[in-house]
Amino acid sequence: LCYGQFGGPGGFGGGGAYVPPAPVCKKFQCPKGQRPAGRSGRQIWSYGCKDSGINILSAGAFDPNNPLGGMNKGKSVDKCCIERDVCKQTCGTTAKECHDLYWACTKKICKGDQNCEMSAMMGSFAGDAVDDEPKKDPPEEWNYEKDKQKRECGGYEKWQNESCVCVAEDEWQAATEQNLQAFYKVYNPEKLDSTGAIKDPAEVWKKWKGKEPQMFQALVTKYRQKAVQIKEKPKPPPYKPPPPKSKEEQEKEDKRMADLRAKWAAEDKKKDEEKAERERQKQEEREERERKQVEEEEGETVEL
């Protein structure tokens with residue numbers, strides 16, 4: 001039933017799952033002479049996306065004796081959501097890196113499974129820190145571009161601001177090593193010597209020099225069972241209808257909507273006029289080509 005809508009070429013299954021473009025978000029910035037370093041001791045957390053699952057019924061898999069039997073079965077992209085959130089909370093990563101990581105992970109797990117790919121799409125909307133922000137009262141006026149930017153980048157930018165701290169450039173390497181020591185002290189003390197220093201630091205930096213964010217991201221992902229706190233996503237409060245508008249407020253709202261409708265009508269009229277003008281120009285060009293063709297054919301007849 002749903003294959004034609006979601007499973008054809010370019011849909012969520014069949015010919016290849018749709019992958020939205022990577023967001024363009026601002027990286028954490030420091031003043032001149034300073035560099036971002038990880039904030040030591042910050043707890044990385046995630047909601048995961050176990051609740052993002054959805055099942056698309058297909059004729060081939062449908063069992064009339066147990067129509068809901070497959071609703072709780074299938075592949076889970078929860079691991080991908082957690083790893084994406086670890087990426088967003090690792091100081092120095094980019095939003096594109098976290099986006100690409102998530103979709104590469106879901107592709108590896110789903111392998112063309114329609115239900116899994118739908119879950120991946122639902123999971124891509126879930127679980128950012130920006131979801132926890134209290135709603136403003138009265139709410140801000142809706143703005144598509146601003147809302148889109150907040151939806152795509154709000155969680156990443158908020159997490160980066162919480163995960164990064166600016167340090168002097170000549171203190172950055174020491175701060176990074178201290179963060180690595182602090183991590184190993186909690187999650188793998190065997191990596192430290194008897195004085196608490198990193199064993200074989202030259203070997204560590206030979207492999208990870210210039211890729212420090214990726215190093216910390218890989219470590220947290222490796223030890224995520226202990227290093228990542230899984231939170232339960234808070235349920236939204238029950239719907240509360242807005243209070244009725246006063247006469248003045250209603251008149252203001254009516255005028256706003258009337259102005260919007262007039263604006264939309266003017267835009268539609270302009271588009272129709274532009275379309276009509278393009279059609280007119282095309283018609284003139286066709287007539288001109290036909291006229292020249294007739295003249296050429298008449299000229300050939302006279303020569304004969």
Side-chain angles (χ1 to χ4, degrees), residues 1-25 44-90 93-132 144 147-156 159 217-218 220-222 224-225 228 230-236 239:
L1 176 64
C2 293
Y3 179 82
Q5 184 175 3
F6 298 115
F12 295 128
Y18 169 74
V19 176
V24 180
C25 308
I44 290 180
W45 63 272
S46 174
Y47 289 134
C49 53
K50 288 183 178 178
D51 296 332
S52 70
I54 188 169
N55 194 283
I56 304 171
L57 296 177
S58 62
F62 181 70
D63 180 0
N65 298 317
N66 187 14
L68 300 180
M71 292 301 286
N72 294 321
K73 298 178 181 179
K75 301 175 180 179
S76 171
V77 296
D78 185 56
K79 167 181 177 289
C80 304
C81 292
I82 294 172
E83 292 181 1
R84 173 202 60 199
D85 293 347
V86 168
C87 177
K88 289 183 178 183
Q89 294 173 78
T90 302
T93 58
T94 67
K96 184 179 186 306
E97 288 173 346
C98 303
H99 171 275
D100 293 347
L101 173 76
Y102 175 76
W103 287 106
C105 176
T106 60
K107 181 178 180 181
K108 186 176 180 180
I109 289 175
C110 293
K111 296 179 181 178
D113 183 276
Q114 294 179 60
N115 292 327
C116 180
E117 288 170 352
M118 180 65 83
S119 295
M121 184 60 64
M122 300 296 290
S124 70
F125 305 137
D128 266 349
V130 73
D131 294 342
D132 293 339
Y144 174 77
D147 183 71
K148 179 174 181 288
Q149 183 70 12
K150 182 177 181 181
R151 186 173 64 251
E152 292 182 345
C153 296
Y156 165 79
W159 268 336
Q217 179 185 337
V220 176
T221 300
K222 179 178 179 179
R224 67 176 178 271
Q225 295 295 334
V228 181
I230 304 300
K231 293 185 178 181
E232 183 177 350
K233 191 173 179 65
K235 295 180 180 179
Y239 173 72

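From a predicted model like this one, the values you see are computed outputs, not experimental measurements. Residues: numbered from 1 along the sequence shown. Reckoned from all heavy atoms, side chains included, excluding hydrogens, waters and symmetry mates.
With sequence neighbours excluded, no residue forms a side-chain hydrogen bond (donor to acceptor under 3.5 Å, both in side chains) with Lys111. A search for salt bridge (charged side-chain N to carboxylate O under 4.0 Å, His left out) contacts involving Lys96 returns Asp100, not counting sequence neighbours. By the side chain to side chain contact (heavy atoms under 4.5 Å, CB included) test, Ile44 is found to be paired with Arg42, Val86, Gln89, Val220, Val228, residues two or more places apart in sequence or in another chain being considered. Among residues two or more places apart in sequence or in another chain, the salt bridge (charged side-chain N to carboxylate O under 4.0 Å, His left out) test is passed with Glu97 by none.
Summarising the geometry, atom CG belonging to Asn115 is positioned 9.5 Å from atom SG belonging to Cys110; distances are rounded to the nearest 0.5 Å. Atom CG of Asp85 sits about 10.5 Å away from atom OG1 of Thr221, to the nearest 0.5 Å. Atom-to-atom distance recorded for Thr106:OG1 and Lys79:NZ is 10.5 Å, nearest 0.5 angstrom. Going from atom OG1 of Thr93 over to atom NE2 of His99 covers 14.0 Å, rounded to the nearest 0.5 Å.
Exactly one of Ile230, Asp78, Ile82 qualifies for a side-chain contact (heavy atoms from CB on, under 4.5 Å) with Lys50. That residue is Asp78.
Side-chain contact between Cys49 and Met122 is absent, with no heavy atoms from C-beta onward closer than 4.5 Å. Between Met121 and Pro20 the shortest side-chain heavy-atom distance falls below 4.5 Å. When side chains are defined from C-beta on, Trp103 counts as touching Ser124, because their heavy atoms get closer than 4.5 Å. With a 4.5 Å cut-off on side-chain heavy atoms, Val77 and Cys116 count as touching.
The SG atoms of Cys25 and Cys153 lie less than 2.5 Å from each other.
For the pair Tyr102 and Cys81, the tightest heavy-atom approach, listed with the atom from each and the gap, is CE1-SG, 3.7 Å.
Heavy-atom contacts from other residues, nucleotides or ligands closer than 6.0 Å to NZ of Lys107 number 12 or fewer.
Ring pair Tyr47/Trp45 is perpendicular by interplanar angle, where above 60° counts as perpendicular and below 30° as parallel.
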